[in-house]
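What follows is one structure encoded as structure tokens, with my remarks underneath.
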Amino acid sequence: MRQALDRFYRISGGIGAIFIAAICVTVLIQVSFNLIDRIAQLTTGKAYGLVLPSYAEFAGYFLAAGTFFALADTLQSGNHIRVNLVIQRISGKARRVIEGWCCLLGAAFSAYFTYWAANHAYESFVFGDLSPGIVPVPIWIPQVSMILGLVALTICFIDLFAQVLAGRDPDYLSQSEEL
């Protein structure tokens, strides 16, 4: 089970990385189009008018997808920014209680956000909401990436809480200490 969960978090993080790379590709294409247009205008006096339709919207969708898909892997690997000023001075049972409380609270918040994000995406689907750009995209499509990332984050928090309940340190502690 441990290997399956770790693989799940890595896959989620990998999907997030693919979306971040998609931002780079999208922006690179548009910058290239702008450069070609500028060179054409300087040499021939007329630009071609090259544009990647709705590239800014797609870059925003890719950013949301990349961010949310990466949350679980980042948490599990100990790369989230954590405030350790208090907890690093506590050890033993008190630390385990605080770690467990934080993981449980994180799972509750994440589950809450997942529920309402799914509810909002469902409403977008039912009402047929479309993006306002040149390329009309059904809004529920980019919202699904956010939901999937939140589901992965919720599973990760529950997994970390189970580790604390089992008497082990959460994975993020051992991972962050290796860095």
Give, for atom CZ of R95 and atom CD1 of I98, the distance between the pair rounded to the nearest 0.5 Å. 9.0 Å
Checking S124 side chain against W140 main chain: does a donor-acceptor pair fall under 3.5 Å? no
Using the six-membered ring wherever Trp is involved, compare the ring planes of F19 and F69 and label them parallel, tilted or perpendicular (cut-offs 30° and 60°). parallel
So, taking the atom named CG in L63 and the one named CD1 in I20, what distance separates them when rounded to the nearest 0.5 Å? 5.5 Å
Could you state whether Y115 and F68 fall into the same hydrophobic cluster, counting links through intermediate Ile, Leu, Val, Met, Phe, Trp or Tyr residues with side-chain heavy atoms under 4.5 angstrom apart? yes
Grouping I, L, V, M, F, W and Y whenever their side-chain heavy atoms are under 4.5 Å apart, do L153 and L160 come out in a common cluster? yes
When you measure from the side chain of R96 to the backbone of R168, do you find a donor-acceptor pair of N or O atoms at a distance under 3.5 Å? yes
Evaluate the ring planes of F109 and F113, with Trp represented by its six-membered ring, and classify them as parallel (under 30°), tilted (30 to 60°) or perpendicular (over 60°). parallel
Within this structure, what is the OG-CG distance for the pair S110 and L105, rounded to the nearest 0.5 Å? 11.0 Å
Nearest heavy-atom contact between T154 and A111 is OG1-N, 3.4 Å
In terms of hydrophobic clusters joined by side-chain contacts under 4.5 Å, are V144 and F125 together? yes
From I23 CD1 over to F58 CZ, what is the distance, rounded to the nearest 0.5 angstrom? 13.0 Å
Where P142 and V137 come nearest, the two heavy atoms and their spacing: CD-CG1, 4.2 Å
So how far is it from I39 CD1 to T44 OG1, rounded to the nearest 0.5 Å? 11.0 Å
Testing the basics here: between A65 and S145, what is the closest heavy-atom pair and its distance to 0.1 Å? CB-OG, 3.4 Å
List the steps, then state whether side chain to side chain contact (heavy atoms under 4.5 Å, CB included) holds for E123 with Q143. CA-CA 11 Å; E123 288 178 358; Q143 289 172 334; over 6 Å; no
Answer yes if F33 and V31 sit in the same cluster of Ile, Leu, Val, Met, Phe, Trp and Tyr residues linked by side chain heavy atoms under 4.5 Å apart, and no otherwise. no
Does the S54 side chain pair with the main chain of V135, one donor and one acceptor, at a distance under 3.5 Å? yes
Taking D37 for the side chain and L50 for the main chain, is one N or O donor matched with an acceptor at less than 3.5 Å? yes
Nearest heavy-atom neighbours spanning I155 and Y9: O-OH, 3.7 Å
Given side chain to side chain contact (heavy atoms under 4.5 Å, CB included), test I139 with Y61 step by step and report yes or no. CA-CA 10 Å; I139 293 296; Y61 299 151; 3.9 Å; yes
Correct closest heavy-atom pair for P136 and L130 would be CB-CD1, 4.2 Å
Using the rule that two of Ile, Leu, Val, Met, Phe, Trp, Tyr join whenever any of their side-chain heavy atoms come within less than 4.5 Å, decide whether Y112 and V151 are in one cluster. no
For the residue pair S12 and A152, what are the closest heavy atoms and their distance? OG-CB, 3.9 Å
Nearest 0.5 Å, please: how far is CG in L52 from CD1 in I134? 9.5 Å
